[in-house]
Structure formats: structure tokens, C-alpha cells
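Scroll down for the structure; my scribbles are underneath it.
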Amino acid sequence: MGSYHVPVMAGECAGWLEADRKRVLVDATVGGGGHAAELARRMRKDGLLVIVDALDVAVETATERLRAYGVQVMPIVGNFRNLAEMLRERGLEEVDGVLYDQGLSSADFEGDRGYSFRGDAPLDMRRDATATRSAADLVNTLDRRQLAHLLREFGDERWADRIARAVVERRAIEPITRTAQLVSLIEQAVPRAAWPRDIHVATRTMMALRFAVNDDVGAIQQSIEGIAPMLSEGGRIVCLSYCSTEDRAVKHVFRRMENPCTCPRGLAVCACGRKPLLRVLTKRGVRPGSEELQRNRRARSAIARVAERVRARANNSQ
């Protein structure tokens with residue numbers, strides 16, 4: 001992790017979280033610490049910045065990077081899925097803001113976990129020990145229909161059937177255990193004229209496998225549902241997503257927590273008693289500006305969503 005990942009919309013994220021005013025902030029996916037550094041730069045000197053990552057090397061690197069900013073840092077190694085539990089275990093019952101950056105860092109792409117279609121690496125993709133099956137396990141054991149469904153569900157891959165068929169045919173000859181093998185299959189399966197102009201033809205398949213291996217969609221929803229009740233009044237959640245699958249998951253959980261009522265439409269008075277926890281501040285999501293896109297090509301697919309904890313008097317059941 002020698003080179004720092006360029007954080008996307010770092011200034012905007014710090015602004016949405018009101019880092020200069022809040023005392024306890026959480027970077028739930030710290031990576032190389034790019035967003036965390038911007039938060040720490042703006043935070044009050046009596047502030048506490050909690051940094052979380054599934055990889056101990058990421059937490060160690062970010063902790064060292066943050067020493068220069070003077071704020072107290074609480075490092076946690078663990079899956080952000082369990083964020084609420086991890087915070088409570090360390091005596092934190094309330095926080096003022098949480099940032100989720102669901103993108104992979106430069107170190108992730110350059111590592112040996114098989115996230116990238118560039119180069120060659122073991123087809124693993126497991127982020128931590130909570131993932132029991134590797135990407136190679138899925139590729140070599142799912143039947144054609146299951147694999148095609150996975151690629152459509154998590155990657156919005158329009159050529160899912162052809163890719164799945166090619167995988168099944170190749171694995172009958174030899175196991176698919178390396179990223180280069182899979183990428184080569186995808187390049188052969190998808191007609192050259194149909195390759196996307198802005199991303200590599202293997203991007204959606206690789207992303208879909210990563211989501212399936214690590215249950216990224218379930219993790220972000222579970223984490224937000226757990227942390228929202230721990231937000232202080234006016235505390236905010238900021239989520240950065242990099243594909244429609246991630247963004248839909250965030251949008252849906254925000255929507256459920258903003259409008260949790262399950263009563264039939266037309267009922268004069270709410271009978272279920274469920275009160276809103278969040279108010280969505282970015283109805284359409286926010287994209288990076290043109291200047292940032294020129295500086296950082298990886299920002300092109302990013303979209304941010306922000307939600308705020310509602311006032312206690314509007315949610316007296318909490």
C-alpha cells in the first residue's frame with residue numbers, strides 16, 4: 001500500500017458530514033485513508049475519528065497517515081457490516097456521522113486478491129474471513145443458470161448467458177482459478193462490437209463476483225440499518241457507490257428508513273407505529289464535478305447519497 005488512493009469527492013463528503021462541527025465521525029471503509037485524512041484535517045482537535053477496514057494493513061496504514069492531524073483516532077479491524085456492534089463493544093453509543101466509500105482502492109486493484117481484470121492473480125476476491133467461498137468456487141461450481149443469474153443480478157451484465165455458457169464449457173476442460181483465464185473467456189464470449197466504450201468488457205463480471213463473494217449489497221444495508229439509530233440528532237450518513245447495484249442498495253435502505261410505515265395506502269391514521277429515522281438530503285444522488293473527473297478517471301462512475309438523522313421529537317419511539 002505504498003501509493004495513496006485518490007479519494008472521490010473528499011471535500012464534498014467532509015462538507016456533508018459537517019466535519020468542522022461534529023465531534024465523533026466514522027470512516028467505515030477507510031482503505032488507504034484518503035477520505036479519513038480530509039475528515040481529520042477539518043475536525044475539531046477534541047474530535048474522535050473512528051476508522052474501520054476488514055484488512056489490518058489498511059487500518060495500520062491509515063492510522064499512521066492520520067498522526068499528522070492531531071485528532072484522536074480509534075482504529076478497528078472488522079467488516080463494516082457489523083459497524084454498530086463494533087462501536088458499542090468499544091463504548092460508543094452515539095456518533096455524529098458515518099462515511100461509506102464502497103469503491104476499491106488502488107492497493108486493492110494492485111493486490112493479489114483477484115479484484116482486477118488487469119494482470120493475473122488468483123481468482124479469490126474474499127475481503128476477509130467472513131467470506132467462505134472464493135470467486136473461483138462460484139465460477140467452478142454454479143450451474144449455467146445460477147451463474148448467469150448472478151452476473152445479471154449483481155453486475156447488470158447483458159451478456160450474462162453467453163459468459164456463463166463459456167465458463168461452463170471451459171471448466172469442463174480445466175478449472176478456472178486465475179483472473180487472466182476468466183478475462184480471456186469473457187473477451188471471447190462477448191462480441192467485439194458490443195464491448196463497452198467506457199469500461200473493460202470484464203468489469204461487470206468481476207464486480208458481480210466480488211459482490212457475491214462478500215455479500216456487499218447485504219453488508220451495506222445491514223450496516224446502515226444498524227448505525228442509523230446510533231446517529232446523534234442531525235448526524236449524517238454519506239455513501240459513495242460506484243455502480244447501479246451498490247447505488248440501488250443504498251437508495252432502497254435510505255428510502256425504507258425515511259418512509260418505514262407499512263400501513264395500507266389511504267389509512268387516515270398510521271397504525272403500525274413505525275417512525276422515520278432518516279431524512280434523505282440527496283433525492284437524485286450527486287456526481288463528481290467536471291474538474292474532478294479530469295483529475296481522477298476512477299471518479300467517473302461515482303454517485304453519492306446523503307441522509308440525516310431526524311429530530312428526536314419527530315421520532316419519539318427511539
Run Arg88 and Glu93 through salt bridge (charged side-chain N to carboxylate O under 4.0 Å, His left out) and show every step you take. CA-CA 6 Å; Arg88 291 194 178 100; Glu93 296 292 334; 3.6 Å; yes
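- Using a 4.5 Å cut-off on side-chain heavy atoms (C-beta onward), Ile303 and Glu246 make no contact.
- A side-chain donor-acceptor contact under 3.5 Å links Gln102 and Ser241.
- Under the side-chain contact (heavy atoms from CB on, under 4.5 Å) test applied with Leu185, the options Val139, Ile176, Ile163 reduce to a single match, Ile176.
- In this structure, Tyr100 and Phe80 have perpendicular ring planes: the angle between them is above 60°, well past the 30° mark.
- Under the salt bridge (charged side-chain N to carboxylate O under 4.0 Å, His left out) rule, Glu258 has a single partner from Arg279, Lys283, Arg305, which is Lys283.
- Side-chain contact, Ser244 with Asp156: a donor N or O sits under 3.5 Å from an acceptor N or O.
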Apply the test salt bridge (charged side-chain N to carboxylate O under 4.0 Å, His left out) to residues Arg178 and Asp120: give CA-CA distance (whole Å), side-chain angles for both, the deciding distance (0.1 Å), then the verdict. CA-CA 7 Å; Arg178 309 285 300 185; Asp120 186 29; 3.2 Å; yes
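- Both Leu142 and Leu123 are assigned to one and the same hydrophobic cluster, defined by single-linkage of ILVMFWY side chains at heavy-atom distances under 4.5 Å.
- Between the side chains of Ser290 and Gln294, no donor-acceptor pair of N or O atoms lies under 3.5 Å.
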Apply salt bridge (charged side-chain N to carboxylate O under 4.0 Å, His left out) to the pair Asp215 and Arg81, showing each step before the final yes or no. CA-CA 10 Å; Asp215 186 27; Arg81 173 195 298 276; 2.8 Å; yes
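- Checking Ser232 against Asp96 by side-chain atom types alone, a donor-acceptor pair falls below 3.5 Å.
- Heavy-atom neighbours of Arg171 CZ from other residues, nucleotides or ligands within 6.0 Å: above the threshold of 12.
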